[in-house]
Amino acid sequence: LEEPLIFELGTRANCGVDFGQEPGEVAPELGKHLRKEPLTLPGLTEPETVRHYTRLSRQNYAIDLGPFPLGSCTMKHNPRLNEKVARMPGFADIHPLQPMDTVQGAFEVIEQLSEWLCKLTGMSAVAMTPKAGAHGELCGILAIRAALEARGDAREVILCPESAHGTNPATAAFAGYRVEDIPATKEGRVDLEALKARLGPDVAGVMITNPNTCGLFERDMKAISEAVHAAGGLVYCDGANFNAIVGKVRPGDLGVDAMHINLHKTFSTPHGGGGPGSGPVVLSEALAPFAPTPFVRRDERGRMRLVEERAAKDLLPDSFGRMTAFHGQMGMFTRALTYMLSHGADGLRQVAEDSVLNANYILRSLEDVLDAPYGASGPCMHEALFSDRGLAEGFSTLDIAKGLIDEGYHPMTVYFPLVVHGAMLVEPTETESKQGLDRLIASLRAVAERAKAGDESLKSAPHYAPRRRLDETLAARKPVLTWEEPETPAGIPVASEIGGS
Amino acid sequence: LEEPLIFELGTRANCGVDFGQEPGEVAPELGKHLRKEPLTLPGLTEPETVRHYTRLSRQNYAIDLGPFPLGSCTMKHNPRLNEKVARMPGFADIHPLQPMDTVQGAFEVIEQLSEWLCKLTGMSAVAMTPKAGAHGELCGILAIRAALEARGDAREVILCPESAHGTNPATAAFAGYRVEDIPATKEGRVDLEALKARLGPDVAGVMITNPNTCGLFERDMKAISEAVHAAGGLVYCDGANFNAIVGKVRPGDLGVDAMHINLHKTFSTPHGGGGPGSGPVVLSEALAPFAPTPFVRRDERGRMRLVEERAAKDLLPDSFGRMTAFHGQMGMFTRALTYMLSHGADGLRQVAEDSVLNANYILRSLEDVLDAPYGASGPCMHEALFSDRGLAEGFSTLDIAKGLIDEGYHPMTVYFPLVVHGAMLVEPTETESKQGLDRLIASLRAVAERAKAGDESLKSAPHYAPRRRLDETLAARKPVLTWEEPETPAGIPVASEIGGS
Amino acid sequence: MRYLPLTDADRSAMLAAVGASDIDALFTDVPAEHLLDGPVEGLPMHASEMAVERHMARLAQKNTAAGDVPFFLGAGAYRHHIPASVDHLIQRGEFLTAYTPYQPEIAQGTLQMLFEFQTQVARLYGCAVANASMYDGSTACWEAIAMATRVKRRTRAVLSPGLHPHYVSTAKTMARFTGDEIVSGAPDLSGDCGEDALIAQIDEATACVVVQYPDILGRIPDLARVADAAHEKGALLIAVNTEPVALGLIESPGALGADIVVGEGQSIGVGLNFGGPYLGLFAVRDTKLVRQMPGRLCGETVDAEGKRGFVLTLSTREQHIRREKATSNICTNSGLCALAFSIHMSLLGGEGLGKLARINHSLARDAAAKLAALEGVELVNTGGFFNEFTLRLAGKDARDIALALAKRDILAGVSLGRLYPDVQALSDGLVVAVTETCTAEDIDALADALAEELR
Amino acid sequence: MRYLPLTDADRSAMLAAVGASDIDALFTDVPAEHLLDGPVEGLPMHASEMAVERHMARLAQKNTAAGDVPFFLGAGAYRHHIPASVDHLIQRGEFLTAYTPYQPEIAQGTLQMLFEFQTQVARLYGCAVANASMYDGSTACWEAIAMATRVKRRTRAVLSPGLHPHYVSTAKTMARFTGDEIVSGAPDLSGDCGEDALIAQIDEATACVVVQYPDILGRIPDLARVADAAHEKGALLIAVNTEPVALGLIESPGALGADIVVGEGQSIGVGLNFGGPYLGLFAVRDTKLVRQMPGRLCGETVDAEGKRGFVLTLSTREQHIRREKATSNICTNSGLCALAFSIHMSLLGGEGLGKLARINHSLARDAAAKLAALEGVELVNTGGFFNEFTLRLAGKDARDIALALAKRDILAGVSLGRLYPDVQALSDGLVVAVTETCTAEDIDALADALAEELR
């Protein structure tokens, strides 16, 4: 059931917007700047638009349709109240540069959210402007670098475990650091002794994900922090998996100096097909003075002020500066705060407990059919890790993923973390019901058994999705990244190509 | 891809609503009234609820997905601005019995919408309270009866063409009239001479649909009105098809005394899977004094007042009374007025023209493969009528309808009007594009050709819908109208029964 | 125009294809003297979305939205908090822009929802079967009376004085034309629901007795007693409920012997909407009455592959098949409102509805106690109430008081003078509803302002 | 809790199934001394939806919504009318609650949309290829500079004084750590965009010149001239656009020789949102640069049956494959904002964008003429402007004037003192944006109030 592209649907003659006003004259001095050729963008009327995007949307899988067990991506339910609140005109229809007295409520949102984040993490400050998780990592690393430079300590190396998200080494490199691996134990955790051995005056710090991407809590986190601090470095914690521990343990208690929080993971703001995210970074006392501008403070009269470049010179002289225009992802802040207020401190604790319970339930229900490399070492946190060991010859993790599509599910995260061969990382989150998990487990089991039995039909899965397997090599070899007018205009598509539902 | 019932999904232990307050004590005097048994209704958390209804929705066809060419049902695009406006708290969150000074804007909506309806129809008054088209018919017939009774003229018969919607005779009967058929000409219109011959002192009036359900304009409407009036009767016009003539001709100019207007047809308020509708009735000078209560009037100071029972005794002493609690479908009024203001007088005229052009385009594009019983007599209005003549032995209109489902479309209206054998009534509306019509025509043509060629696979269509043909006889013979707990609780459905997308 | 996809080029090509010289060549059946030669006069031309939105927003802003003030109106329409997910889901295009499910193969979404809705309503009402909804409570009430007269072949309907006066008026309007006899009267301002007097009016010609539960003054009648009395005379008991939340706390009418239970479902999921669209609920206690019911019914069946599916059924009762012999002329139901009700009810569940009911009741008790303690205020409902009660304001016209409070931005309740303008004895009555949306501060504000106005 | 489906019974059963005595048996890897024994202190407990909504609504009401007052702010974020269908469609659960389309077979909705979006942006910018969006304009601007230094293996970036000061600050922050050299300065309050001075700064070490078009004061620089000069020195021209509506009227940067075009897309479909989330646009004129681009790219391909389909492609540039050797650390894009942009742009089309641009321009001209006629007001933009212009307020501090006007419920514009607190010479500058959402009455209200404040 195909949906044409807007370029195949619309014409340049049509338009889905009416203008009451007639456009007036163009200023003569603008003459030399005017467009020579009209813009070749098709216009669709509203009925055509609504139908195009409604139909397109139906080719997507989404959390609203079923479990979306992407490990480390934390696809949980997105409450509808959040969406309603974010659209209140007092939040959605205010300009970032309005006089500060006219946006006190917006500043209060930032203040309240900051308080929640600091208390939940046990940290002393938070930088609210980072636009997404990776941007938050950058913020944390820049703060570390600024802090080290402030003490005249130019270190060059950041240590990352091999199991880290790719953003960790990329961020460190983007910030000018050289990246080295931290070795792992057989149990899937940081090798504390090996780490200690590597620490030295060239090491600016470590980036550790906790719970890590094997779904395990880094038991030695506190010891790691102490060792890094002792060696003059600082500790960045990747908070992508904070979901598993919110309300149960505070990273600040474990010696972390900086940690970003993906509001779209732990705090339920929608992923939206790939963004926008929001990545506030909590900071320890050591790093707080280096936080970016702008930030929100109350003045002596209790009015909220946005502290921008100039004022920051007095209030936060060591700030490493601005990371982005304006002051953060307000639309995500309102959603996240709404979520936090809804759950409360008690509910958030329950979130962590249920997410861990759900993951362990999956781990224990499937370890007889799927290899669980760290299963024997104890409970997992929010996600269950399996490997492709034991599948029939020629069958891979990819086949299991694609087979799961035919069962009506979005696959788990595959081939990540890199430290496990053919990794499958299953994160149910706390918003799945037991009934739903039982079904998911049954499907995973069925597909795993087919892969172990060497069922050939699995290798061409999916069969029941809007598309069969797509040729990614072709896409990369001969990139077609924009639509071009075909040589001869396409005729009327035949009905079977178009379809309705 | 099956979706369980809420009773199979939810448990009585769960709940998707949190209550901040703890309920207090129940008054002792309520003791004897208390429920003995708890209510056995399942509760679903929000994630389960969102998923259940999202998945259910995807088993529906809708105008947002494609053409919905149900003749006489007028499935046109529903503008999203209408939905936004209807949800403004000043409209959605006001109580019908608030002091009138606090709802002046709501009364203005009613006043403005009334003015549009009167001007577009050329009538002198409008009753706004009817809740739907059939309720509007009832309003019109009661007004006719009240008017006749006021002049001491107890007539017993209402004449309806056989091609009328079932609501026409049902309404007349519900209002205490006997119903008799009006014969039709071979051209599919009211037989004026036969009608004249039947008129007499026992005939209270006629109910005529114009444009009629064969998609034809009643050329003799004015002459019919004159004849009925001359015989002492009154003329009800079923305005279901006003879509075709809005802005092109005013029913008031043709002698009509009462006509309901389906706001959800001509004026784009959503059908919502079967309602709510809204059926204001425009009235001639002769019937205006008999309009129902309540209604809106401006007082001498220009304030809007709702005239309810007592005040109506002075302002409209002959009113036939109240038809419903409160005062009409406000939520539909705001949508319809928004639609009218968007289109304007010029746009509404274009609506009629485009809807008629689209229907004729379908009629002329298909009359070579499908029998068009009235095709030769001239253009149609907003809908094109075909019959099952010429299909292969054993193939019926139903097969064409179900075949069209497999092409990705909702079928046209079938077996209505009754005057044509195996009728197929195709109404594209003005919100289909030419490109979309060309595809629909190609599909209709393909299915018609299969039916003419005797393609057996058509008889078991649909094959690609969420369901194959359903056993309606079983449903009626052994009605199962509520869900009952199964004897043994159902196990976990197997994955292939549940599916995801 | 943003809603019209045809371009001028399309129009020309299509006119050519149908062999018409211009668009009016397709309107030749309209007599030339009646065919307008331009837009209808006296109306504005098309406008941008921005301009229309502004116009409508200005009208909306002239109204006092309930959420912006302390708010205590009820009398047949109640303000409850509706979870955001309800409105989100009913706006799914597949629900919002679908038609009546006449082609069940591609309408299972609407049909399964209706089947679930019917079950929810039947259980809520303590009945065997509910239909797929009607226009609203008042029209459902008349349909029930009409059904009773049809079933019983009797023409007399006895209406309790506690029945909402709009429902009474609606029934009287219809009865005037059908020739049925309606017995009705205004309520007394006493804590007694008047069951004795009502029972005394039931005779062998009576097709049905209609009792509102809780009634217009918030009192809770003894349904079981009336049921017995009605049944004794061979009449049906029709129970009318305008506040479904009450049934989370008090017994279902069906369990008390009501034969037909109808009501207004607006409280759950639908919202105030200035009186419409609302949601008529209609259920019968005994499946034997099903084939006499008005309105659509959705039933379970199987498809050609044996899979469970749902269809509209028993449509031989209905007008599109049976025409003048139909059980009602009703065609449209309140599908989208039924969906909103069903979603909200799914979120609540029996547990949640019970808790919500107890919160409403408890707040209403607090409010009643506080208000009745004021000088010049007397609580009518001595026999108990759910979330609504009636106050007597010491001989003052409650309409004036309500208006005075509205000027102070407090919407205090519904004056009985608004509902019964002809009954002088009721003019000092004020019906006050208290739901979970009322805060303690709201109640204090009302009490303070009322005290001042009565001083 | 309304978002947590597990019941206590489920929890017990599941704990038993995993062999844990209680939930903390699953948290044994957390050292006991750090495991909290109850909810985090100092934070409230869970609350009802109604209570949370009330709390947030109260905060929202403390802000002055742009739609409620005459509103003239721009300077990198513009208020335009967004059709209601845009927000309706982006709230479809299938778009809203999907993840990055890593499994293309069940993500064609997002992928096809991104392909359409890329094409729209590329055409708007006059470029060959656009990516699938970035965080916002300011970060896209830095990514472009980083890409230019990578491509050119040079470390100097010359920024036009007309570049938004937040964009300048962002670049400076990053350059401090990467060791790149940023040449920048504040603008002059003259009608001349300063192309001569800018060109003079370009040398053989310059990787790129960055020019905002139109610039922060609303002036329109001669891009083609700067392009030629940059190319002559082997540098790339990066054009930055913060108001895409302008490109409905003035020439595309790509057509004028810009090599990389970046910008803020918020004007189309996204809304003000107090500064975020916004939509970074990023395009290159020459396909040769594609493999050096940061951010996601969606490409066309075929599936196993030969059907057209779309996938994320060229991901070997990206961090999740290439880790520390990636072209950027960026991971998330602004998918939902890109969708909103694409829908709004589909509604507009080239025709509609052109008309919208001309309406903006025309209203802005009217406003500028009216304001410049006031005593003590001087229009800076003598060389023309699109929908935004800068006024000098006769030596007064524009911050004070803007604040005084805000107290009169008029949001008059962005004072240059807010943007350049350190540059005394700019303190009397006020940047005023006029879009189609401004009415003639709004403009009159601003002119009248400004006249009074300047008196």
Side-chain angles (χ1 to χ4, degrees), chain B residues 15-16 23-24 29-30 33 39 41 43 53 56-57 59-64 85 88-90 93 95-96 99 102 105 131-132 134 166 169-171 173-174 179 217 272-277 310 321-322 325-326 329-330 341 344-347 360 364 379 433-434 465 467-468 475 480 482-483, chain C residues 5 10 18 26 29 39 43 45-46 52 56 59-60 62-65 73 89 92-94 97-98 100 105-106 108-110 119 135 138 166 169 173 250 273-277 299-301 303-304 309 313 319-320 323-324 326 329 331-336 347 349-350 352 358 362 384 406 421:
Chain B
C15 187
E29 62 270 25
L30 227 58
H33 295 297
L39 255 175
L41 289 172
Y53 289 99
L56 266 193
S57 76
Q59 300 190 16
N60 272 1
Y61 190 91
I63 192 78
D64 277 6
V85 166
M88 290 174 176
D93 194 22
H95 190 284
T102 67
K131 293 280 199 178
T171 298
F174 211 57
V179 180
F217 191 84
R310 190 165 67 165
R322 178 181 282 279
F326 311 126
Q329 305 284 67
M330 185 66 185
L341 291 168
D346 53 337
N360 277 280
R364 298 312 170 196
S433 68
K434 178 172 180 298
R467 280 290 174 284
R468 307 292 298 275
V480 178
T482 52
W483 186 79
Chain C
D10 291 333
V18 304
L26 300 177
D29 287 330
L43 295 171
M45 298 297 120
H46 73 273
V52 175
M56 295 303 290
L59 292 181
K62 289 188 182 179
N63 304 320
T64 305
L73 273 70
L89 289 165
R92 294 268 309 166
E94 293 92 330
T97 73
T100 307
E105 296 89 348
I106 48 176
Q108 288 296 306
T110 293
T119 306
Y135 306 140
S138 66
H166 288 178
S169 294
T173 296
I250 63 174
N273 291 324
F274 198 51
E300 182 180 324
T301 186
D303 78 353
T313 191
Q319 44 72 29
H320 65 279
R323 302 177 75 84
E324 62 267 29
N329 79 326
C331 175
T332 305
N333 63 355
S334 283
L336 203 66
L347 285 162
R358 290 194 299 277
S362 164

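None of these values were measured; they are calculated from a predicted model. Just so it is clear, the values below take in all heavy atoms, side chains as well, and ignore hydrogens, waters and symmetry mates. Lettering of chains follows the sequences in order, A, B, ..., and the numbering in each one begins at 1.
Between chain C and the residues B:A132, B:G344, B:P96, B:P99, the most heavy-atom pairs under 4.5 angstrom are made by B:P96. Interface check for chain C: of the options B:G272, B:G321, B:G43, the most heavy-atom pairs under 4.5 Å are formed by B:G272. Of the listed residues (B:G24, B:A325, B:C15, B:G347), the greatest number of heavy-atom pairs within a distance under 4.5 Å of chain C belongs to B:A325. Taking chain C as the reference chain and counting heavy-atom pairs below 4.5 Å, the highest number among B:A173, B:P169, B:P379 is found for B:P169. No other option in B:R468, B:Q329, B:M330 has as many heavy-atom pairs under 4.5 Å with chain C as B:R468. With chain C as partner, the option from B:G274, B:G166, B:A170, B:G90 having the largest number of non-hydrogen pairs under 4.5 angstrom is B:G274.
Contact annotation for C:T100: both backbone and side-chain heavy atoms come within less than 4.5 Å of a heavy atom of chain B. With a 4.5 angstrom heavy-atom cutoff, C:L26 touches chain B via backbone and side-chain atoms both.
The shortest heavy-atom contact between C:Y135 and B:A134 is OH-CB, 3.8 Å. The two residues B:G273 and C:T110 make their nearest non-hydrogen contact at O-CG2, 3.7 Å. The two atoms that bring B:N60 and C:E94 nearest to each other are ND2-O, 3.0 Å, heavy atoms only. Nearest heavy-atom pair across C:R358 and B:P23 is CB-CB, 3.4 Å.
Remark: the backbone N or O of C:A65 is not paired with any side-chain donor or acceptor of B:D93 at under 3.5 angstrom. The main-chain N or O of B:A62 is never found under 3.5 Å from a side-chain atom of C:T97 such that the two would form a donor-acceptor pair. At least one donor-acceptor pair under 3.5 Å links the side chain of C:N63 to the backbone N or O of B:G105.
In this structure, CZ in B:F326 is found 12.0 Å from CG in C:N273, a value given to the nearest 0.5 Å.
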Show your reasoning for whether side chain to side chain contact (heavy atoms under 4.5 Å, CB included) applies to B:L341 and C:M56.
-> CA-CA 10 Å; B:L341 291 168; C:M56 295 303 290; 3.9 Å; yes
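Listed by chain and number, the residues in a side chain to side chain donor-acceptor pair (under 3.5 Å) with C:S362 amount to none (sequence neighbours excluded).
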